[in-house]
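Just so it is clear, the values below take in all heavy atoms, side chains as well, and ignore hydrogens, waters and symmetry mates. Chain A is the first sequence line, chain B the second, and so forth, proteins listed ahead of strands; every chain is numbered from 1.
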2 protein chains.
Amino acid sequence: MAIDPNHMEHDMGTDPNQLSRRERQIMEVIYARGRATAAEVLERLPDPPSYSAVRAMLRILEGKGHLVHESDGPRYVFLPTTPREQARETALRGMIHTFFGGSPENAVAALLDLDDELDADALERLAERIADARKEGR
Amino acid sequence: MAIDPNHMEHDMGTDPNQLSRRERQIMEVIYARGRATAAEVLERLPDPPSYSAVRAMLRILEGKGHLVHESDGPRYVFLPTTPREQARETALRGMIHTFFGGSPENAVAALLDLDDELDADALERLAERIADARKEGR
DNA sequence: AGCAGAATGCTAAATTCTTAGCACAAACCG
DNA sequence: CGGTTTGTGCTAAGAATTTAGCATTCTGCT
């Protein structure tokens, strides 16, 4: 059941583990929103720099292959090149390895333990999901 | 049920979101191991630099308050100042915000969907845990 | 004892990151 | 229309990060 850390290897060019401080912050803003203009990124950055600094970083991230842009009227909207589903799986695996000894079960348990918690409906849905998984024999 | 992003604010000095590329990689190695010497960190770093470069980074991380060291014979063993339980909660909340629209339920569902999957015993334990949580009325 | 390897403290240089300003264009508003 | 605001492309400088070497000490082995 342990997660193989080698499973997390990627092309270094778009490996999130190679992102610098600001690059990472920006990618997180964009994933949280799904897509974002420079102004929208700027609004959400911790310790925000200037608008032109944000644009410069976005261009760099595009140059590295992490982002592409579309035009929306006069402005650019940036999207991640790695689909969200893939990016979050990568992030989950990394977190399981770093903080949960490779065990997804421990990670699920920790999620269930968070204070601001899953409500009854969510727990019911999850219980059903788990029951389904058990029926499928996995 | 949405996670409040403001819940993630920390003293900027030890805020993981402020870690640079290499600092973050090193912190992840140390959390994965629980504690580590410079040599052990070096073994696990992607694109590893020299031993002395690793030591210099460890000293910096100690100076910033992220690590402390103990002596183990002639060598130093480094430990994170933020306990693992706290660090992983921070990481989980951040991930839920970035990739799961603030919903822990979505995160749990994604974990359940990982390929290399929870086995039957783990599913049973989680099902019990969920049943307990539902009995407690939360 | 002598030597080689492992360790620390320290320093500075190389490299990378981050920032913001300029010139120009486009869009908006009175 | 004119002035202001918002946007892009581009550049370079300052700041931060990363790297590794030196001097010294300690440890282990022959």
Inset, instruction - On the 0 to 90° scale, with breaks at 30° and 60°, tag the F99(A)-Y31(B) ring pair as parallel, tilted or perpendicular. - result: tilted
Inset, instruction - Looking at every strand, decide which applies to A56(B) at a 4.0 Å heavy-atom threshold: base, sugar-phosphate, or nothing. - result: base
Inset, instruction - Determine: side-chain N/O of Y51(B) to OP1/OP2 of dG21(D), distance under 4.0 Å, yes or no. - result: no
Inset, instruction - Measure from the side chain of M57(B), starting at C-beta and using heavy atoms only, and say which of dT19(D), dA20(C), dT18(C) lies closest. - result: dT19(D)
Inset, instruction - With the side chain of R75(B) defined as its heavy atoms from C-beta on, choose the nearest nucleotide among dA20(C), dT8(C), dT18(C). - result: dT8(C)
Inset, instruction - Taking only the side-chain heavy atoms of P49(A) (C-beta and beyond), determine which of dA20(D), dA20(C), dA27(C) contains the nearest atom. - result: dA20(C)
Legend entry - Atom-to-atom span, CD of Q18(A) to P of dT16(C) - whole angstrom: 12 Å
Legend entry - Length of the line joining L58(B):CG and dT17(D):P, which is rounded to integer Å: 15 Å
Legend entry - Atom-pair distance (CD on E23(A); P on dA16(D)), nearest Å: 17 Å
Legend entry - Length of the line joining L61(B):CG and dA16(D):P, which is rounded to integer Å: 16 Å
Inset, instruction - Any chance you could measure E28(B), atom CD, to M95(A), atom CE, to the nearest 0.5 Å? - result: 9.0 Å
Inset, instruction - For S20(A), report the nucleic acid contact type (base, sugar-phosphate, nothing); a contact means any heavy atom under 4.0 Å. - result: sugar-phosphate
Inset, instruction - Measure the shortest side-chain to side-chain distance between Q25(A) and R44(A) over non-hydrogen atoms and say whether it is less than 4.5 angstrom. - result: no
Inset, instruction - Please state whether the phosphate of dA20(D), meaning OP1 or OP2, lies under 4.0 angstrom from any side-chain nitrogen or oxygen of S52(B). - result: no
Inset, instruction - Grab the CG-P distance between D47(B) and dT15(C) for me, whole Å please. - result: 14 Å
Legend entry - Close side-chain approach of L58(A) and I26(A), heavy atoms under 4.5 Å: yes
Inset, instruction - Take the protein atom CG of L19(A) and the nucleotide atom P of dT17(D), then report the distance between them rounded to whole Å. - result: 16 Å
Inset, instruction - Compare side-chain N and O positions of R22(B) against OP1 and OP2 of dT19(D) and report whether any pair is under 4.0 Å apart. - result: yes
Inset, instruction - Using the closest heavy atom to pick a nucleotide of DNA chain C for each, name whichever of A38(B) or R59(A) lands nearer the 5' end. - result: A38(B)
Inset, instruction - Would you confirm whether T98(B), through its side chain, and A32(A), through its main-chain N or O, come within 3.5 Å as a donor-acceptor pair? - result: no
Inset, instruction - Starting at atom CZ of R24(B), determine the distance to atom P of dA16(D), rounded to an integer number of angstrom. - result: 20 Å
Legend entry - Pair of N/O donor and acceptor under 3.5 Å linking dG9(D) base with R55(A) side chain: yes
Legend entry - Spacing between I60(A) atom CD1 and dT16(C) atom P, to the nearest angstrom: 13 Å
Inset, instruction - Would you mind telling me which of dG9(C), dT19(C), dG21(C) lies closest to the side-chain atoms of Y76(B)? - result: dG9(C)
Inset, instruction - State which of dT18(D), dT8(C), dG9(D) makes the closest approach to the side chain of R21(B). - result: dT18(D)
